[in-house]
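Report on one structure; see the data block that follows.
In what follows, chains carry the letters A, B, and so on, assigned in the order in which the sequence lines appear, proteins first and then strands, with residues in each chain numbered from 1.
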Number of protein chains: 2
Amino acid sequence: MTAGSAERIHAALIARISEGRLQPGAALAETALAEEFGVSRTPVREALQRLARDGLAERGPRRAFALKTPDPAEMAGLFEAVGEIEGAIAALAARRMTEIERAALAGLLEEEREADPAAYSALNLRVHAAIRAGARSPVLARTLEALELQTLPWRAMNFARDAGRQARSRSEHRAIAAAIRAGDPDAARLAMQAHVAGAFLAATRPLSE
Amino acid sequence: MTAGSAERIHAALIARISEGRLQPGAALAETALAEEFGVSRTPVREALQRLARDGLAERGPRRAFALKTPDPAEMAGLFEAVGEIEGAIAALAARRMTEIERAALAGLLEEEREADPAAYSALNLRVHAAIRAGARSPVLARTLEALELQTLPWRAMNFARDAGRQARSRSEHRAIAAAIRAGDPDAARLAMQAHVAGAFLAATRPLSE
DNA sequence: TGATGTCAACCTGTATACATATGCCGCGAA
DNA sequence: TTCGCGGCATATGTATACAGGTTGACATCA
């Protein structure tokens, strides 16, 4: 019992989407994928069902799976929801973080100030992870993760980043951290929502900024 | 090609959970379910995978599926997340509902005032549906639905309702609607969060109130 | 009597076979 | 030339067969 083919294929497909190696709307035929991965259709079916559950694939007219095409309007709704949930997380963090956690968050921002562009992305993730941890809500954290996964094809299409965005992102982080440190949930929520909106706009208009 | 066995079985299992006919922790053996539903293991597998994705089942030590046991702490976290998301929905509704929608919501509350206990439950659903529709966020609506589904075993365990809860629920609805009508997102959010918390407490302590 | 080793039954993971429906392609007629 | 129809190829839905492993019981020995 190898026990894990489906999971492996699921991860492989997500990686392909992330790298842009799967075009939006691409057909995901069970037979072809089974042959390609050297397994039978059964684990492929499970992987595709999981992908559909993740919101990354949908069933076509012939019940066949196809990669979801990122609809701009739907993506805007997705980012809005991400902003609301991450805002709620920030508000909870402002209420619940311990002094040590607040200090650790401040420390992360110090690191961030002198980080080169290559290291910035990883630090950005750590900042958000620290806030998630401080919110004490595994349910909201899981929900956020699921929604962010659905933004993956969009991010894969718009990977262009302008240099100015990074500076603004840092400044937004500081505003969030300041509100959290001050224990102001409403300000933390608003700052986080502005941050997510800024990231969305940067991803949406990579050329015009 | 019948095309839908898995969906039927999935729905049947959810119905059983909802009716309390499946004990928490109950083993969900593929073979037994396949024989019971008169199908093969394949659609049963798909139904169980969907159930696990819904957060209603989890895999045991032998990779077998078992009904998730409702953990009080986890349920509290779940209701908190529901409160945050439904609060966000209420805040968005306060900003976005048209005048006609606000009037319709007020009309629902009028109906609610003179509803007998039997009709109240359906009206309660309509109130929340009206607010969801006014929020213009299908993503948050879907997310909320997914989380509420996970509270199902908990609600199945604690179906006791006291008469006082219904009166308080009506009053909470009025507070939410008033904030929405006034276009006050923050007040709408807080009122909705208080409403969800009240429902959770009523479900948690059905005897002590 | 208790402990341990072995065996058998069962359950999941995977592969494959079969049924069925759909889309495509070619052919014929208007 | 174009429209319509029929057959074929193929893909999914479902069923069943096979493989690997774990659990549990039962028998045997100290």
Hey, can you tell me if A:H173 and A:H128 have their rings parallel, tilted or perpendicular (30° and 60° cut-offs)? perpendicular
Using a cut-off of strictly less than 4.0 Å, decide whether [X] has a side-chain nitrogen or oxygen near OP1 or OP2 of [N].
X     : N      : answer
A:R45 : D:dT12 : no
B:R59 : C:dG13 : yes
A:T31 : D:dT12 : yes

Rounded to whole angstroms, how far apart are [atom1] on [X] and [atom2] on [N]?
X     : N      : atom1 : atom2 : result
A:L33 : D:dT12 : CG    : C1'   : 13 Å
B:E46 : C:dT12 : CD    : P     : 17 Å
A:E30 : D:dA11 : CD    : P     : 10 Å
B:L28 : C:dC10 : CG    : P     : 19 Å
A:F65 : D:dT10 : CZ    : C1'   : 18 Å
A:F37 : C:dA15 : CZ    : P     : 13 Å
B:R41 : D:dC18 : CZ    : P     : 14 Å
B:R50 : D:dG13 : CZ    : P     : 12 Å

Ignoring hydrogens and angles, tell me if any N or O in the side chain of A:R95 forms a donor-acceptor pair with the backbone of A:P185 under 3.5 Å. no
Return whichever of A:P43 or B:A32 has its heavy-atom-nearest nucleotide of DNA chain C closer to the 5' end. B:A32
Run the salt-bridge test on B:R96 and B:E101 with the 4.0 Å N-O cut-off and return the result as yes or no. no
Would you call B:E112 and B:R170 a salt bridge, taking side-chain N to carboxylate O under 4.0 Å as the test? no
Partner of A:H195 under side-chain hydrogen bond (donor to acceptor under 3.5 Å, both in side chains), picked from A:E86, A:E172, A:R168, is A:E172
Does B:L125, at its CG atom, have more than 12 non-hydrogen atoms belonging to other residues, nucleotides or ligands within less than 6.0 Å? yes
Check every atom of [options] against the side chain of [X] and return the nucleotide holding the closest atom.
X     : options                : result
B:A64 : D:dT14, C:dT12, C:dT14 : C:dT12
A:S40 : D:dT12, C:dG13, C:dA15 : C:dA15
A:T42 : C:dT14, C:dG13, D:dT16 : C:dT14

Using C1' atoms of five pairs at each end, report the bend of the helix from C:dT1-D:dA30 to C:dA30-D:dT1 rounded to 10 degrees. 0°
Taking B:R41 as the fixed residue, which of B:E36, B:E46, B:E35, B:E30 is the one that meets the salt bridge (Lys or Arg N to Asp or Glu O under 4.0 Å) rule? B:E30
Report yes or no: is there a donor-acceptor pair, N or O only, under 3.5 Å between the side chain of B:R63 and the base of D:dG21? no
